[in-house]
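What's counted below: heavy atoms across the whole structure, side chains too, no hydrogens, waters or symmetry copies.
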Amino acid sequence: GSNNSAQGASALLSNTTGSGNSAQGWDALLFNTTGSQNSAQGWAALFSNTTGSNNSAQGASALYSNTTGSGNSAQGYQAGNTATLANANTTGSNNSWFGYATGPGSPTQYNYQSVIGAAATGTCSNCVVLGRAGGLDTVYAGDAGVDPMVVLALATTPVLTTNLKVCTATTGIPWRA
């Protein structure tokens, strides 16, 4: 490959034809072979990536298990993996995970998932998740497995507006005025 940059023990060690990669940190992009335009900063960031391209991982173990997924962005320790390694992203694409241990909430490989907040997880494609799963601070937007409307879980009395579905925090049943 050409136009690659590697700093750290074993960074980009397995690269063959992948180009335009940047790996900083011990074992960053270690198993990358043909993936291109990846950016990995931190110990074992994008560690398992082989052919995935256009990924950005900042933080120790960020996108650690990603192999062929492309267009993912993960910022924070274990972002894209979560504390449950079986739920890690391996082939999902076009996802964004921001915060410590954010990522998929199940082994299913999702696409177009955005998860924000420490230890927050998502179990949907084409959605946005804000806050911890099961917490009173969780907001789901998009196709969150219910319907394409926004689903909001609040600890206080919600306000119902157009194109907004508000549910009780404890039961998930839609709140009605």
Nearest heavy-atom neighbours spanning Ser10 and Asp27: CB-OD1, 3.1 Å
Who passes side chain to side chain donor-acceptor pair (under 3.5 Å) against Tyr64, sequence neighbours left out? none
Who else is in the cluster with Trp26 when I, L, V, M, F, W and Y are joined by side-chain contacts under 4.5 Å? Trp43
Side chain to side chain, Phe98 and Ser73, heavy atoms closer than 4.5 Å: yes
Could I get the full list of side chain to side chain donor-acceptor pair (under 3.5 Å) partners for Asn87, not counting sequence neighbours? none
Can you sort out the partners of Thr16 under side-chain contact (heavy atoms from CB on, under 4.5 Å), two or more places apart, ordered by chain and number? Thr33, Thr34
If you define the side chain from C-beta out and look only at heavy atoms, does anything of Ser39 sit under 4.5 Å from Gln58? yes
Can you give me the closest heavy-atom contact between Pro104 and Gly80, atom names plus distance? CD-O, 3.9 Å
Tell me, please, which residues at least two apart from Ala6 pass side-chain contact (heavy atoms from CB on, under 4.5 Å). Ala11, Leu12
What verdict does the side-chain contact (heavy atoms from CB on, under 4.5 Å) test give for Asn95 and Ser114, after you've listed the backbone C-alpha separation in whole Å, the side-chain angles of each residue and the deciding distance to 0.1 Å? CA-CA 6 Å; Asn95 299 298; Ser114 295; over 6 Å; no
Output the distance between atom CG (Asn111) and atom SG (Cys127), rounded to the nearest 0.5 Å. 10.5 Å
For Gln37, the side chain to side chain donor-acceptor pair (under 3.5 Å) test, sequence neighbours excluded, returns none
For Ser106 and Thr108, indicate whether the former's side chain and the latter's backbone hold a donor-acceptor pair under 3.5 Å. yes
Can you give me the closest heavy-atom contact between Gly1 and Ser19, atom names plus distance? CA-OG, 3.8 Å
Find out whether Asn49 and Thr67 are in side-chain contact, i.e. whether some heavy atom of one side chain is under 4.5 Å from a heavy atom of the other. no
Of all residues at least two apart in sequence or in a different chain, which pass the side chain to side chain donor-acceptor pair (under 3.5 Å) check with Tyr77? none
Which ILVMFWY residues can you reach from Tyr112 by hopping between side chains whose heavy atoms are under 4.5 Å apart? none
Hey, does Asn72 have a side-chain heavy atom less than 4.5 Å from the side chain of Asn89? yes
Could you state the interatomic distance from OG (Ser14) to CG (Leu30), rounded to the nearest 0.5 Å? 5.0 Å
Please list all pairs passing the side chain to side chain donor-acceptor pair (under 3.5 Å) test where one or both residues lie in residues 96-105, with sequence neighbours left out. Trp97-Gln113
Counting N and O atoms only, with roles assigned by atom type, does the side chain of Gln78 sit under 3.5 Å from a partner on the main chain of Gly76, one being a donor and the other an acceptor? no
Nearest 0.5 Å please: distance from the CG atom of Leu63 over to the CG atom of Leu46. 5.0 Å
Phe31: ring pair (Phe, Tyr, Trp, His ring centres under 6.0 Å) partners, not counting sequence neighbours: Phe47
Please find the pair of heavy atoms, one from Gly59 and one from Ala45, that lie closest to each other, and give the distance. O-CB, 3.8 Å
Shortest non-hydrogen contact from Ser53 to Ser36? OG-N, 2.9 Å
Less than 4.5 Å apart, side chain to side chain, heavy atoms only: is that true for Asn38 and Leu29? yes
Tell me the closest heavy-atom pair linking Ser5 and Gln24, and the distance in Å. OG-NE2, 3.7 Å
Listed partners of Ser65 passing side-chain contact (heavy atoms from CB on, under 4.5 Å), at least two apart: Asn81, Leu85, Ala88, Thr90
